[in-house]
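By convention in this document, chain letters (A, B, ...) are assigned in the order of the sequence lines, proteins followed by strands, and residues within each chain are numbered from 1. Just the heavy atoms: all of them, side chains too, but no hydrogens, waters or symmetry mates, feed the values below. As the structure is a prediction and not an experimental result, all values here were calculated from the model.
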Amino acid sequence: MRMDKSFIPTLKETPTEAVITSHILMLRGALVRMLSAGIYSYLPLGYKSLRKVSEIVREEMNAIGGQECHLPALNPKEIWEETGRVEAFGDTMFHVTNRDYVLAPTHEEIIAFHAKGTIKSYKDLPQIWYHIQTKFRNEARPRSGVIRGRQFLMKDSYTLDTTFEELDKSYALHDKAYRKIFDRCGLKYFIVGASSGAMGGSKSEEFMVKSDAGEDTVAYCEKCGYAANSEVATSVVDGAPRHDNSEEIKEIHTPNVHSIDELCAFLKINETQCAKSRIYMHDNAPVLVLMLGNDEVNETKLTSVLGGNVRPCHPEELKEISGADAGSIGPVGFKHKIIADNRLKDANNLFSGANKNDYHIGGIDLNRDVANLEYYDLRTSETGEKCVRCGSPIEVFKAIELGHIFKLGTKYSDALGVVYQDENGQEHPVVMGSYGIGCDRVLACYIEQNNDEKGIIWNKTLAPFEIHLIALNMRKETVVNLAEKIYDEYTKEGFDILYDDRPDAQAGFKFNDADLLGMPVQVIVGEKNAKEGKVEVKIRRTGDRFVVPVEELKSKLKEILM
RNA sequence: CGGGGCGUAGCGUAGCCCGGUUAUCGCGCCUGCUUUGGGAGCAGGAGGUCGCAGGUUCAACUCCUGCCGCCCCGACCA
């Protein structure tokens with residue numbers, strides 16, 4: 001592709017709306033342009049890379065027996081109502097206003113719809129169906145460029161199986177395919193156990209990339225590879241000690257003491273002697289959650305322990321329920337359900353709120369003073385705590401979710417009546433799995449991980465072009481002749497070349513654009529070298545540069561691009 | 001949806017608090033000449049509903065009200 005008169009509007013300056021590296025470089029490097037919040041146009045270079053991502057995904061999906069389809073993004077609302085997901089998605093789903101259609105945020109329903117008419121017998125199974133389609137989600141707050149958009153490109157595949165054992169196999173195939181896909185893309189990623197959330201189903205794992213721009217928090221053990229979304233991550237931490245003698249309960253006047261830290265400072269005690277109280281509303285009934293010290297309640301864990309709907313109580317509800325405001329609430333005398341985190345198991349001589357403003361209670365023995373107390377893992381793990389598997393310190397950090405694989409089970413086949421007949425003519429619901437990869441995110445994450453102060457550093461796999469050919473001075477006949485010759489000949493031979501043939505751009509301008517765009521190899525045609533029948537080759541990633549005679553260029557390029 | 005910030009030429013911006021000349025500067029763009037191995041120089045030039053709509057005023061980029069858009073933090077999120 002010739003650069004002169006092509007749609008590659010690189011930017012010298014950083015647009016104000018971009019703050020994370022990949023977003024900045026995707027804008028500056030002319031890969032994308034924003035149309036509206038969370039809605040991006042891919043320009044020629046960006047689209048070329050996006051298609052390379054899709055192609056890798058396609059090859060690996062086909063390799064495990066996936067069959068590519070193309071399902072509509074416009075869906076009848078009715079089918080989404082049958083599974084209850086119009087309500088489940090709520091405002092996140094786009095609705096068409098002049099007809100009863102929705103824009104599909106994912107495609108479980110549509111797959112189930114087609115499976116229903118097609119899958120009749122156990123002989124029809126298993127199946128892997130996938131497509132690469134634009135998805136629509138009305139994100140309240142799009143951010144980080146293409147990483148969280150209202151419209152994005154996703155590969156989603158769905159497996160149909162007879163049994164959960166068979167589903168395990170389909171799931172394992174996807175796990176394998178996903179590793180290959182991300183490996184081929186050159187991403188550093190890891191896999192975490194995750195909560196299934198609104199998708200339903202039993203097991204799910206996420207493919208994550210570490211990044212400050214991420215929206216998920218994960219716990220990771222470098223030593224043994226344990227990794228989990230912080231929604232479900234556990235770690236080993238010491239519990240509160242149980243002392244030989246339980247002290248008597250005593251009420252203490254604690255004016256203006258609201259937080260655990262203030263309480264510790266006021267009473268000159270340690271955090272591990274305090275029980276923090278949080279009140280949640282669980283299906284319209286209050287529940288007091290007791291945590292040790294400053295431990296944070298993990299609401300995902302709490303929800304899975306309690307089931308149903310759980311939300312924190314509003315400040316005005318607290319006084320009515322407990323008799324005190326936040327900061328003075330405690331388990332002793334609390335009249336509703338109480339549960340506690342495992343760290344508090346059998347603890348005594350604790351301090352906690354007195355359910356009376358400005359008062360705390362000391363000498364609490366949970367075994368003696370709180371009836372029917374149940375203990376669960378309710379806390380959020382933190383950096384430095386010990387790995388549940390190997391005991392090494394874990395690290396907790398932000399990450400971007402690139403892919404997610406789910407064992408769905410029969411949720412959708414039950415709702416939409418997708419059944420098959422077994423050998424005995426008995427009907428059973430088809431067992432489903434669902435697997436997604438955010439193609440835009442693959443691109444953005446790659447750039448997050450592969451850049452320097454000059455710009456993007458592509459590897460051959462995802463680069464829009466393999467070679468960036470730079471003719472330094474288009475007014476010198478020797479330069480033009482050589483560059484044109486290389487461009488024509490090598491393009492015919494299958495090299496994918498971006499040719500900077502802009503007539504007026506200065507050398508420095510071209511060099512900087514080339515570094516910004518980041519093709520793996522730059523071939524530089526300058527006057528001095530050209531006269532001697534030589535060109536310069538620069539490797540973008542390492543910055544290495546060397547001069548080669550034109551006769552040797554081809555073999556050299558083949559060697560580099562192998 | 002809550003909190004904060006911003007909206008002036010294709011991009012980045014000054015001016016606004018304290019209303020009053022022809023709305024500032026840099027990049028980019030056009031013309032000419034020079035230059036051509038790390039974002040060139042000189043000269044000339046084009047380009048603006050100052051986000052939109054009301055209001056106050058003799059007078060609004062500037063003050064007031066409403067709306068829209070964008071960014072950041074949070075809530076939410078498959």
Ignoring hydrogens and geometry, is there a side-chain-to-backbone donor-acceptor pair from [X] to [Y] under 3.5 Å?
X      : Y      : answer
A:N512 : A:G508 : yes
A:N138 : A:D91  : yes
A:K534 : A:K528 : no

Do the ring planes of A:H404 and A:F406 sit parallel (below 30°), tilted (30 to 60°) or perpendicular (above 60°)?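 Because their plane-to-plane angle is under 30°, the rings of A:H404 and A:F406 count as parallel.
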
Intermediate values then yes/no, side-chain contact (heavy atoms from CB on, under 4.5 Å), A:R143 and A:I20: CA-CA 10 Å; A:R143 71 190 92 177; A:I20 73 162; over 6 Å; no

Euclidean distance for [atom1], [N] against [M] (whole angstrom):
N     : M     : atom1 : result
B:G7  : B:C61 : C1'   : 12 Å
B:C64 : B:C18 : P     : 9 Å
B:G2  : B:A46 : C1'   : 46 Å
B:G15 : B:C30 : P     : 31 Å
B:G10 : B:C52 : P     : 13 Å
B:G37 : B:C50 : C1'   : 43 Å
B:G26 : B:G45 : P     : 14 Å
B:A23 : B:U62 : C1'   : 11 Å

Without decimals, in angstroms, what is the distance between [X] [atom1] and [N] [atom2]?
X      : N     : atom1 : atom2 : value
A:N512 : B:G38 : CG    : P     : 10 Å
A:K398 : B:C73 : NZ    : C1'   : 11 Å
A:L517 : B:G39 : CG    : P     : 17 Å
A:L11  : B:C11 : CG    : P     : 9 Å
A:L472 : B:U35 : CG    : C1'   : 14 Å
A:D4   : B:C29 : CG    : C1'   : 15 Å
A:E215 : B:G74 : CD    : C1'   : 12 Å
A:E477 : B:U36 : CD    : C1'   : 16 Å

Do any side-chain nitrogens or oxygens of A:T16 fall under 4.0 Å of OP1 or OP2 in B:G12?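 A:T16 to B:G12 OP1/OP2: side-chain N or O found under 4.0 Å.
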
Are A:R475 and B:U35 close enough that a side-chain N or O sits under 4.0 Å from OP1 or OP2?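 No, outside the criterion.
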
Assign each of A:D216 and A:K454 to its nearest nucleotide of RNA chain B by heavy atoms, then name whichever residue's nucleotide is nearer the 5' end.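 Closest to the 5' end, via its nearest nucleotide, is A:K454.
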
Let me spell it out: for each of A:V19 and A:T92, pick the nucleotide of RNA chain B with the closest heavy atom. Which residue's pick is nearer the 5' end?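 The 5'-side residue here is A:V19.
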
Can you find a donor-acceptor pair, distance only, under 3.5 Å between [X] side chain and [N] base?
X      : N     : result
A:E536 : B:G37 : yes
A:N473 : B:G37 : no
A:E13  : B:G26 : yes

Choose from [options] the nucleotide whose nearest atom is closest to any side-chain atom of [X].
X      : options             : value
A:Q506 : B:C70, B:U35, B:G37 : B:U35
A:P15  : B:G12, B:A75, B:G38 : B:G12
A:L516 : B:G39, B:G37, B:C76 : B:G39
A:R143 : B:G39, B:C72, B:G38 : B:C72
A:E17  : B:G74, B:G37, B:G12 : B:G12

For RNA chain B, write out the stems as range with range, using runs of 3 or more consecutive Watson-Crick or G-U pairs with both distances under 3.5 Å.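 The stems that RNA chain B takes part in, listed by first number, are B:1-7 with B:68-74, B:10-12 with B:25-27, B:29-34 with B:40-45, B:51-55 with B:63-67.
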
Test: A:K538 cationic atom under 6.0 Å from A:F511 six-membered ring centre, within 45° of axis: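 No, A:K538 does not sit over the ring of A:F511.
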
Quick one, A:N451 with A:T21, criterion side chain to side chain donor-acceptor pair (under 3.5 Å). Give me CA distance, side-chain angles, the key distance, then yes/no. CA-CA 8 Å; A:N451 67 79; A:T21 309; 5.1 Å; no

What contact category does [X] fall into here, base, sugar-phosphate, or nothing, at under 4.0 angstrom with non-hydrogen atoms?
X      : value
A:D91  : nothing
A:K135 : nothing
A:P9   : nothing
A:D515 : base

Charged N to carboxylate O below 4.0 Å: is that the case for A:D161 and A:K169?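 Here A:D161 does not pair with A:K169 in a salt bridge, since their nearest N and O are not under 4.0 Å apart.
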
Salt-bridge contact A:K276-A:E296 (side-chain N to carboxylate O under 4.0 Å):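 Result for this pair is yes, salt bridge flagged.
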
Indicate yes or no: at least one non-hydrogen side-chain atom of A:Y487 is less than 4.5 angstrom from one of A:R2.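 Yes, at least one pair of side-chain atoms sits under 4.5 Å.
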
Between A:Y499 and A:E484, does any side-chain donor sit less than 3.5 Å from a side-chain acceptor?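 Distance-only check passes for A:Y499 and A:E484.
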
Short of 4.0 Å, heavy atom to strand atom, which residues of residues 30-43 of chain A count as contacting RNA chain B?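 Heavy-atom contacts with RNA chain B come from A:M34, A:S36, A:A37.
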
Checking side-chain contact (heavy atoms from CB on, under 4.5 Å) for the pair A:D440/A:Y42: CA distance, chi angles, key distance, verdict? CA-CA 10 Å; A:D440 314 69; A:Y42 277 84; 2.7 Å; yes

Does the side-chain ring of A:F511 sit on the six-membered ring of the B:G38 base, less than 5.5 Å centre to centre and under 30° in tilt?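 A stacking contact exists, since A:F511 sits close and nearly parallel to the base ring of B:G38.
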
